[in-house]
Amino acid sequence: EDEQIVAKIMERRFFPDHIAYKTWEGFHFAGHEIRITEATDCYGAVVWPSALVLCYFLETNSKQCNLVDKNVIEIGAGTGLVSIVASLLGAFVTATDLPELLGNLQYNILQNTKQKCKHQPCVKELSWGIDLEKNFPRSSCHFDYIMAADVVYHHPFLDELLLTFDHLCKNDTVILWVMKFRLEKENRFVDRFRTLFDLEMISNFPSLNIALYKAMRKGRMKA
């Protein structure tokens with residue numbers, strides 16, 4: 001079953017028939033052909049399998065996870081694929097990442113959502129753990145969903161990442177987080193995450209070493 005679903009997920013990716021002046025990959029989600037421009041010299045500007053897993057879940061569980069008119073923030077948006085799919089499914093999306101990635105992120109989102117979405121997504125800088133209250137004040141920022149794909153890997157900002165989840169998450173916010181398991185240090189982040197949030201694995205793909213989690217603040221998990 002794992003391999004069959006993984007095959008369906010990976011079928012959503014396609015490549016150009018002819019070499020263009022810009023390198024891009026194509027994807028089929030939410031009834032649209034999505035073209036993503038990548039930068040292979042930067043981790044944050046490449047589409048990783050975790051993003052495909054999350055996009056596939058959003059599309060195939062649109063009744064269980066209805067994004068229409070919902071306020072969504074994606075942290076570590078990278079190339080913007082997840083944010084684009086969430087936008088095409090009707091959400092109002094804020095796609096965030098480091099300042100050096102915002103140009104490519106903005107380009108991909110604009111190219112794939114303009115005049116196609118109910119709500120035009122916005123792109124905003126978010127450096128984990130830095131100026132959170134200034135840029136995303138608790139009093140005025142309310143997100144129905146926080147989405148994250150492959151944000152836990154070998155980097156020195158895991159403390160700041162957890163702080164960012166904590167700051168952005170209200171009592172009724174749902175976190176959808178896809179993680180690829182790599183090294184023990186990074187895997188221990190799951191245990192730390194559980195100190196603040198109730199965590200439920202809703203999909204598991206052993207062939208990809210990837211798990212999809214749903215989380216809410218402690219004691220707030222809904223059936």
Side-chain angles (χ1 to χ4, degrees), residues 1-20 23-40 43-68 70 72-91 93 95 97 104-105 108-109 111-113 116-118 121 144-153 174-182 186-187 190 199-215 222-223:
E1 183 180 0
D2 164 46
E3 293 179 354
Q4 291 175 353
I5 297 176
V6 167
K8 289 180 180 179
I9 293 172
M10 294 307 166
E11 284 173 0
R12 301 303 185 93
R13 168 181 268 158
F14 69 94
F15 299 93
D17 295 328
H18 305 286
I19 297 176
T23 302
W24 60 270
E25 281 190 78
F27 304 87
H28 291 292
F29 286 108
H32 291 268
E33 179 183 294
I34 301 169
R35 295 190 178 190
I36 295 293
T37 299
E38 298 181 316
T40 55
Y43 282 135
V46 176
V47 177
W48 299 101
S50 293
L52 302 185
V53 168
L54 184 48
C55 290
Y56 184 82
F57 171 81
L58 295 177
E59 182 188 73
T60 57
N61 293 270
S62 58
K63 291 184 179 179
Q64 170 191 347
C65 181
N66 185 357
L67 297 184
V68 176
K70 295 299 192 298
V72 172
I73 186 169
E74 184 186 5
I75 60 175
T79 62
L81 180 60
V82 171
S83 288
I84 291 165
V85 172
S87 298
L88 293 171
L89 291 172
V93 176
D97 216 313
N104 188 61
L105 175 59
N108 283 329
I109 285 180
Q111 292 297 308
N112 290 285
T113 62
K116 298 177 182 178
C117 297
K118 184 175 183 180
D144 299 295
Y145 289 92
I146 299 171
M147 298 187 184
D150 221 356
V151 293
V152 178
Y153 53 90
V174 175
I175 299 172
L176 294 175
W177 166 36
V178 187
M179 177 172 172
K180 181 176 178 66
F181 289 86
R182 296 181 175 92
E186 296 147 22
N187 297 349
V190 177
L199 193 63
E200 174 190 354
M201 182 186 293
I202 54 178
S203 295
N204 186 29
F205 303 99
S207 62
L208 296 174
N209 212 21
I210 286 174
L212 169 60
Y213 293 102
K214 172 185 174 183
K222 299 176 183 179

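Contact annotation: the side chain of Leu58 approaches that of Met147 to within less than 4.5 Å [non-hydrogen atoms, C-beta and beyond]. Within the 4.5 Å cutoff, no side-chain heavy atoms of Phe205 are placed close to those of Lys180. Contact annotation: the side chain of Val53 never approaches that of Ser203 to less than 4.5 Å [non-hydrogen atoms, C-beta and beyond]. Side-chain contact check for Leu176 versus Tyr145: some heavy-atom pair is nearer than 4.5 Å. The shortest side-chain heavy-atom distance between Leu199 and Trp177 falls under the 4.5 Å cut-off. Taking the side chain as every heavy atom from C-beta outward, Glu74 and Leu105 never approach each other to under 4.5 Å. Phe57 places none of its side-chain heavy atoms less than 4.5 Å from the side chain of Val178. A heavy-atom distance below 4.5 Å is not found between the side chains of Val93 and Cys117.
To the nearest 0.5 Å, the span separating CG on Leu89 from CD1 on Ile84 amounts to 12.0 Å. Here SG of Cys65 is found 10.0 Å from CG of Asp144. Values are rounded to the nearest 0.5 Å. Note that the CZ atom of Phe29 and the CD1 atom of Ile9 stand 7.5 Å from one another [nearest 0.5 Å]. Rounding to the nearest 0.5 angstrom, the gap separating the CG atom in Asp97 from the OG atom in Ser83 is 9.5 Å. Atom CE of Met179 and atom CG of Asp150 lie 9.0 Å apart (nearest 0.5 Å).
Formation of a donor-acceptor pair under 3.5 Å by the Glu59 side chain with backbone atoms of Ala30 is found in this model. Judged purely by atom type and a 3.5 angstrom limit, Asn112 has no side-chain atom pairing as donor or acceptor with the backbone of Ile34. Between the side chain of Arg35 and the main chain of Gly26, no donor-acceptor pair closer than 3.5 Å is present. Under a 3.5 Å cut-off, the side chain of Glu38 and the backbone N or O of Glu25 do not form any donor-acceptor pair. Asn108 places a side-chain N or O within donor-acceptor distance of the main-chain N or O of Thr37, the cut-off being under 3.5 Å.
Counting all heavy atoms, side chain and backbone alike, Val85 lies closest to Cys55 at CG2-SG, 3.6 Å. Closest approach of Ile75 and Ala148 over heavy atoms only: CG1-CB, 3.8 Å. Here the closest non-hydrogen pair linking Ser87 and Thr113 is CB-CG2, 4.3 Å. For Ala77 against Ala95, the heavy-atom pair with the smallest separation is CB-CB, 4.0 Å. Taking each heavy atom of Gly76 and Val151 in turn, the nearest pair found is CA-CG1, 4.3 Å.
Within a 6.0 Å sphere centred on CD of Gln4, heavy atoms belonging to other residues, nucleotides or ligands number 12 at most.
Relative ring orientation between Phe14 and Trp24 is described as perpendicular, the plane-to-plane angle rising above 60° on a 0-90° scale split at 30° and 60°.
With sequence neighbours left out, Met10 forms a side-chain contact (heavy atoms from CB on, under 4.5 Å) with Val6, Pro49, Leu52, Leu208. Here Lys8 pairs with nothing under the salt bridge (Lys or Arg N to Asp or Glu O under 4.0 Å) rule; sequence neighbours left out.
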